[in-house]
Structure formats: C-alpha cells, structure tokens
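What follows is a set of notes on a single structure, which appears directly below.
Lettering of chains follows the sequences in order, A, B, ..., and the numbering in each one begins at 1.
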There are 2 protein chains.
Amino acid sequence: MAATKDPRPCSIADTLAVVGEKYSLLVLREVCLGNGRFDQLVRNTGAPRDILSARLRRLVEAGILTKRLYSERPQRFEYRPTQAGLELEPVLMTLKEWGDRHLRKGADLPMAVEHSCGSELVPVVTCGACGDPVRHEDLTARPQAPGWTLTGPTAA
Amino acid sequence: MAATKDPRPCSIADTLAVVGEKYSLLVLREVCLGNGRFDQLVRNTGAPRDILSARLRRLVEAGILTKRLYSERPQRFEYRPTQAGLELEPVLMTLKEWGDRHLRKGADLPMAVEHSCGSELVPVVTCGACGDPVRHEDLTARPQAPGWTLTGPTAA
DNA sequence: CCCTTGGGTTGGAAAATCAAACCCTCCTCT
DNA sequence: AGAGGAGGGTTTGATTTTCCAACCCAAGGG
C-alpha cells in the first residue's frame, strides 16, 4: 500500500499507509479488546491466516503492536497494543459511532462501549484548544509544504 | 471489500467496508478541501483513474459524496461531501494528528488546520457525556449481539 | 482543423487476497 | 507409545484487485 505516486505529503496518507490496509484496523480493534491471540484474530476479524500474519508483522514493525510471549513451553504468543496503538483507539471509536449512526441508524447496535463516567460512550472530536466539537465550517486548511494547492471553499 | 466472513457484527467493520478501501479516505480528504474535480482527485490522491472512478461511484452510492454539475456545456462535474461525508472529517483529522505525532514526530508538518477559535486544530476525542478525553483505561466494551466473546482485560 | 481540457472507459500485466492444506511444537489421553 | 488436539503460523495455487497506459467522447480555443 505504498502511496508511491501521491504527490501530496500528508499525514493522513502516511497513517493510512500503516493502518489502512484491509483488516489492519479490525486487528487493532481485537487487540484493544484483549483478543490478541492468533486464532482469536483469525476468527474475530475474518482475515485469512497468511494475510493476518503479514498485517501483524507490519503493525509490530510500525510500533503499533508488540508480540508478547505469554507462555514458554509451549511457546504461545499474544499481540498487545503499544501506546501508539492505544492512541489509535479513538479513531476506532469514531468510526464505530459513524457506523452506528449512518449504517445502522442507531438500531440493534452490536456493541456498546461504556465510559468510566458511567454513560455509554459517544465519542466527540473536539478542538484541544477551545474544547468545541470539530465542525467542517470551523476549519481552515493552511498548507505548509509544497504540493498543496487549494482551490475550494475550505482553502486558506 | 465485502467482509464476507467476519463473524462479528461490528459498526467499525461496516464503516470500513464503505470507506476503508484504498484511496477512499484520501478522496474524502480532497473533497472536504474543496478539490472535488476528477483530475484534481487524480493528481492529489495519486489514485489511478479507473480506481478513482470506482471509488467515487461507491462513495456516492453510500451517501458520502454527491456528484454536482457545475457547468452545463461543457458538462463538468464536481464531487462534494454530503452531511454524512462531513461527519467523517473528524476521523480524517484524528488520523492526521496521529500521523503528525507518531510518523513525523511533529516536525515539518505538511499541513496545519486552523480552528475557528484561532488556534491550530489538535483534535481530541472526548466522551460526549462527561467531556473527558477518551483513554483506553476508561473504556469497557459491552457486547450486545451474538458473536461477541471477550476474554481480555477490557472485557465487560 | 487541430489541440487541449475534463471526465471518464477498456484491456492486459502485476500485485494482493483467498482458501485450503500443510508443518512444527508441545500437551493430553489412553 | 501412539493418537489427537491446540496454538501459531507458512506454502501453494486459484481468484480478485490494482495498476498503468491507451483510448474515447464532447466542448471549447487558436
């Protein structure tokens, strides 16, 4: 998934180059849930074993997962999220929320997540500075590297 | 990208089935920036024209983009985000922030986004109920549909 | 008339994915 | 001791996707 021709230097593209391949984020979902064993991952993500194997290698090398020995004799491994991996969990929660609302229309949700405050988690992406929810109209792109030419209404 | 075998009913998987294919989120990025014309999309995402064409069809049919005529004679089209599409923008911002921090380590950022409050946008995913940032330790998964068996430390 | 721009479609080669089978180590049961 | 099973993968060959370049069409422009 190397973005060999993408003329835009872009952290979104870079991030997707690491976690944007098929199954990668589902693997992260499972690992964050604590289901970090190979065949749990096979069952729960539906990924073919060889693909899963490739994804795990990539995610470990990218510093998103670690491979941990949880039993010597017999040798058994488990994958766990690193700090960087855990910091992607909010992305998963946001994707989940979008799917809950737009694809399932809020009915028959297969899983809920409870926040420590006691309510069901409804993730809201906010501006770290002012705390307001991020809305499209409030954003202005300010390109800082060559390759960025903006023409539309959002342009700076 | 039909998740034909994924045994888990999951809104994350469902959402990725719609926007998780290669280039889809980059297309959305450009469209949100106002670069909604076919060859702008080709240049800015690096997607092959046929793939782009397929992605656009899919995103329109999924209700994430709309195809708008901006010039009759000669007929010229432009893609724009729908409300549902705009609601995915926070996901893009969160991915960007992760990439900025973990892949570029904060140096030489190719693009900044400014929030209407005047600061540079640093998106933070928060709990809609209490407003606190979402951290892994504060989350508890509560499966509600069959197919969900949790074994790890995050299990309910 | 010829060339360019915008917005695609088509065809064949290259790469990724898939499913099933296989392998190896250790463990347990008989 | 042998049979069988679980965990954690790798290998093989068929199927799908992606990729790239070429092509097509309609509408200006010089």
| request: Sequence neighbours left out, what passes side-chain contact (heavy atoms from CB on, under 4.5 Å) with B:Ser53? Give chain and number order. | output: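 Only B:Phe38, B:Arg57 meet the side-chain contact (heavy atoms from CB on, under 4.5 Å) criterion with B:Ser53.
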
| Mapping A:Ile51 and A:Glu72 to their closest nucleotides on DNA chain C, which lands nearer the 5' end? |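 Looking at DNA chain C, the more 5' nearest nucleotide goes with A:Ile51.
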
Any side-chain N or O of [X] less than 4.0 Å from the OP1 or OP2 oxygen of [N]?
X	N	answer
B:Tyr23	D:dC19	yes
B:Tyr79	C:dG8	yes
B:Ser53	C:dT9	yes
B:Arg55	D:dT17	no
A:Lys22	C:dC18	yes

| message | Can you tell me which residue among A:Leu33, A:Asp39, A:Asn35 is in a side chain to side chain contact (heavy atoms under 4.5 Å, CB included) with A:Asn44? | response |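 With A:Asn44 as partner, A:Leu33, A:Asp39, A:Asn35 yield a single side chain to side chain contact (heavy atoms under 4.5 Å, CB included), made by A:Asn35.
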
| Reference residue B:Thr94; test side chain to side chain contact (heavy atoms under 4.5 Å, CB included); the match among A:Val125, A:Leu95, A:Ile12 |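 Looking at A:Val125, A:Leu95, A:Ile12, the match for B:Thr94 under the side chain to side chain contact (heavy atoms under 4.5 Å, CB included) is A:Val125.
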
Spacing of [X] atom [atom1] relative to [N] atom [atom2], expressed in whole Å:
X	N	atom1	atom2	result
B:Asn35	C:dG7	CG	P	13 Å
A:Phe77	D:dT10	CZ	P	11 Å
B:Arg37	C:dT5	CZ	C1'	11 Å
A:Arg57	D:dG8	CZ	P	15 Å
B:Asp50	C:dG11	CG	P	12 Å
A:Glu21	C:dC18	CD	P	12 Å
A:Leu41	D:dG9	CG	P	10 Å

| message | Heavy atoms only, 4.0 Å cut-off, all strands: where does A:Phe38 land among base, sugar-phosphate and nothing? | response |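 The answer is base, as A:Phe38 lies within the cut-off (heavy atoms under 4.0 Å) of a base atom.
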
| task | Classify the nucleic acid contact of B:Asp39 as base, sugar-phosphate or nothing, counting any heavy atom under 4.0 Å across all strands shown. | result |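 Here B:Asp39 touches the backbone only, sparing every base.
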
Cluster check [X], [Y]: I/L/V/M/F/W/Y, side chain < 4.5 angstrom:
X	Y	value
B:Ile64	B:Leu52	yes
B:Val60	B:Phe77	no
A:Leu86	A:Leu65	no

| field | Test item: B:Leu121 and B:Pro123 side chains (from C-beta on) under 4.5 Å apart, heavy atoms | value |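 Side-chain contact under 4.5 Å: yes.
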
| message | So if I take every side-chain heavy atom of B:Arg49 and compare against D:dG9, C:dA19, C:dG8, which nucleotide ends up nearest? | response |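 From the listed options, C:dG8 comes nearest.
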
| Among C:dT9, D:dG8, C:dC18, which is the nearest nucleotide to the side chain of A:Pro48? |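 Given the options C:dT9, D:dG8, C:dC18, the side chain of A:Pro48 is closest to C:dC18.
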
| message | If we check side chain to side chain donor-acceptor pair (under 3.5 Å) with B:Tyr70, which of these qualifies: B:Arg76, B:Gln75, B:Arg80, B:Arg37? | response |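 Passing option: B:Arg37.
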
| When you look at A:Glu120 and A:His115, which way does the side-chain hydrogen bond (donor to acceptor under 3.5 Å, both in side chains) test go after all the steps? | CA-CA 6 Å; A:Glu120 181 180 332; A:His115 189 244; over 6 Å; no

If you restrict it to nitrogen or oxygen atoms, what contacts under 3.5 Å exist between nucleotides 23-26 of chain C and the protein, and what is each distance?
residue : atom : partner : partner atom : Å
C:dC26  : OP1  : A:Arg73 : NH1          : 3.4
C:dC26  : O3'  : A:Pro74 : N            : 3.4

| task | Please determine, by modelled atom types, if A:Arg58 and A:Ser24 share a side-chain donor-acceptor pair under 3.5 angstrom. | result |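 The answer is no; no qualifying pair exists.
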
| query | For residues 60-67 of chain B, which residues have at least one heavy atom under 4.0 Å from DNA chain C? | reply |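 Only B:Lys67 qualify.
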
